[in-house]
Amino acid sequence: MDTAATGLTFRDATDADVDALVALIESAYRGDDSRVGWTTEADILEGQRTDPEGVLAVIQKADGRLLTVEREGAIIACCQLEHRGDHAYFGMFAVSPKQQGGGLGKVIIAEAERVARETWGVTEMHMTVISVRDDLIAWYERRGYRRTGRMTPFPYGDERFGVPQRDDLQFELLVKELA
């Protein structure tokens, strides 16, 4: 058994998890705490990554779920899964910076893909990644995701998504065929 998977519990998030999930997501992507891990966006975005309303909306979405990962009773990771017709959308992926680098992300994404296949019968997983995040995109490519070159604009001016530190941000669609 993969040691990264040892002692993990996967469950759907509840309204009671909102504050802990916001703190987790912020710690993985923003501010100095995020620099402990490798998924930080602190050099390209300041401000918030999400807020309680955004997390609650994902939890309560009828055609989605916020998969929460615990170890020893503490929330250490999460990811959004949303059913979108013939595919599922994967987003809001966060692993506690102190837990990064040990293979946990691989375990979680594999579980998310399994859940999406079994729950909705989808044949593809889609996600969007900020196109300048080369290391992160390479990590997803090693997991079988492919770049599509399909870009959508970053929501400049909407501080709910952060305060950009550069003017070339956009999202690229990554896609994986699910076996």
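Atom set for the values below is all heavy atoms of this structure, side chains included, hydrogens, waters and symmetry mates excluded. We count residues from 1, following the sequence as given. Just so you know, these numbers come straight off a predicted model, no measurement behind them.
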### Message
Is it the case that over 12 heavy atoms from other parts of the model lie below 6.0 angstrom from the CD atom of Gln170?
### Response
yes
### Message
Quick check against the 3.5 Å criterion: does Glu172 have a side-chain atom that pairs as donor or acceptor with the backbone of Arg150?
### Response
no
### Query
Where the side chain of Arg133 meets the backbone of Val129, is there a donor-acceptor pair that is under 3.5 Å apart?
no
### Message
I'd like to know whether Leu24 forms a side chain to side chain contact (heavy atoms under 4.5 Å, CB included) with Ser96, so could you lay out the CA-CA distance, the side-chain angles of the two residues, the decisive distance to 0.1 Å, and finally the verdict.
### Response
CA-CA 6 Å; Leu24 167 70; Ser96 169; 3.9 Å; yes
### Query
Ignoring hydrogens and geometry, is there a side-chain-to-backbone donor-acceptor pair from Thr119 to Ala116 under 3.5 Å?
no
### Task
Of all the heavy-atom pairs spanning Tyr156 and Asp168, show the shortest one and how long it is.
OH-N, 3.3 Å
### Summary
The side chain to side chain donor-acceptor pair (under 3.5 Å) partners of Glu72 (sequence neighbours excluded) come to none
### Task
Measure up the Trp120 and His83 rings against each other and bin them: parallel (under 30°), tilted (30 to 60°), perpendicular (over 60°).
parallel
### Message
So, taking the atom named CG in Leu67 and the one named CD1 in Ile109, what distance separates them when rounded to the nearest 0.5 Å?
### Response
11.5 Å
### Query
Roughly how far, to the nearest 0.5 Å, is CD1 of Ile130 from CG of Leu136?
9.0 Å
### Message
Does Arg147 form a side chain to side chain contact (heavy atoms under 4.5 Å, CB included) with Ile137? I'd like the steps, not just the answer.
### Response
CA-CA 8 Å; Arg147 299 182 83 154; Ile137 291 170; 3.6 Å; yes
### Task
Find the distance between CZ (Phe10) and CZ (Arg114) and round it off to the nearest 0.5 Å.
9.0 Å
#### Entry: Derivation and outcome, side chain to side chain contact (heavy atoms under 4.5 Å, CB included), residues Leu169 and Ser131
CA-CA 7 Å; Leu169 301 182; Ser131 62; over 6 Å; no
#### Entry: Pair Glu141 + Arg146, salt bridge at N-O below 4.0 Å
no
### Query
Does one hydrophobic cluster hold both Tyr89 and Leu66, with members joined at side-chain heavy-atom distances below 4.5 Å?
no
### Query
Once you round to the nearest 0.5 Å, how far does CG of Asp15 lie from CG of Leu56?
5.0 Å
### Partner residues of Glu124 under the side chain to side chain donor-acceptor pair (under 3.5 Å) criterion, sequence neighbours left out
His126
### Task
Without swapping roles, check the side chain of Gln100 against the backbone of Val95 for a donor-acceptor pair under 3.5 Å.
yes
### Message
Return the CD1 to CG distance between Ile76 and Leu104, rounded to the nearest 0.5 Å.
### Response
4.5 Å
## Note on the structure
Rounding to 0.5 Å, atoms CD (Glu26) and OG1 (Thr50) come to a distance of 7.0 Å
### Query
When you measure from the side chain of Tyr145 to the backbone N and O of Leu173, does any donor-acceptor pair fall under 3.5 Å?
no
### Donor-acceptor contact present, side-chain Asp17 to main-chain Thr14, <3.5 Å
yes
### Task
Flag the pair Phe93 / Cys78 as yes when at least one side-chain heavy-atom distance between them is below 4.5 Å, and no otherwise.
no
### Query
Do you know the tightest heavy-atom contact between Ala77 and Ile108?
CB-CD1, 3.3 Å
### Message
Would you say Val115 ends up clustered with Val175 if hydrophobic residues are merged whenever their side chains have heavy atoms under 4.5 Å apart, either directly or through other cluster members?
### Response
no
### Query
So do the side chains of Val107 and Leu8 get within less than 4.5 Å of each other, counting heavy atoms only?
yes
## Note on the structure
Note: Met92 and Gly54 closest approach over all heavy atoms is CE-O, 4.3 Å
### Query
Minimum heavy-atom separation for Ala13 to Thr68, with atom names?
CB-OG1, 3.2 Å
### Query
Do Leu21 and Ile59 come close enough that some side-chain heavy atom pair is under 4.5 Å?
yes
### Side chains of Arg166 and Val132 in contact at under 4.5 Å (non-hydrogen atoms)
yes
### Message
Could you go through Leu174 and Thr148, starting from their C-alpha distance and side-chain angles, then the distance that decides it, and tell me whether this counts as side chain to side chain contact (heavy atoms under 4.5 Å, CB included)?
### Response
CA-CA 6 Å; Leu174 305 183; Thr148 65; over 6 Å; no
### Message
Any non-hydrogen side-chain atom of Met125 less than 4.5 Å from a side-chain atom of Leu81?
### Response
yes
### Task
Using a 4.5 Å cut-off on heavy atoms from C-beta on, say whether the side chain of Phe90 contacts that of Gln80.
no
### Query
Are Gln99 and Arg71 close enough that a side-chain donor and a side-chain acceptor fall under 3.5 Å?
yes
### Message
Checking the side chain of Lys61 only, and the main-chain atoms of Glu82 only, is there a donor and an acceptor separated by less than 3.5 Å?
### Response
no
### Query
What are the two closest non-hydrogen atoms of Ser27 and Pro97, and how far apart are they?
O-CG, 3.0 Å
### Task
Identify the heavy atoms of Pro155 and Phe171 that sit nearest to each other, and give their distance.
CD-CE1, 3.6 Å
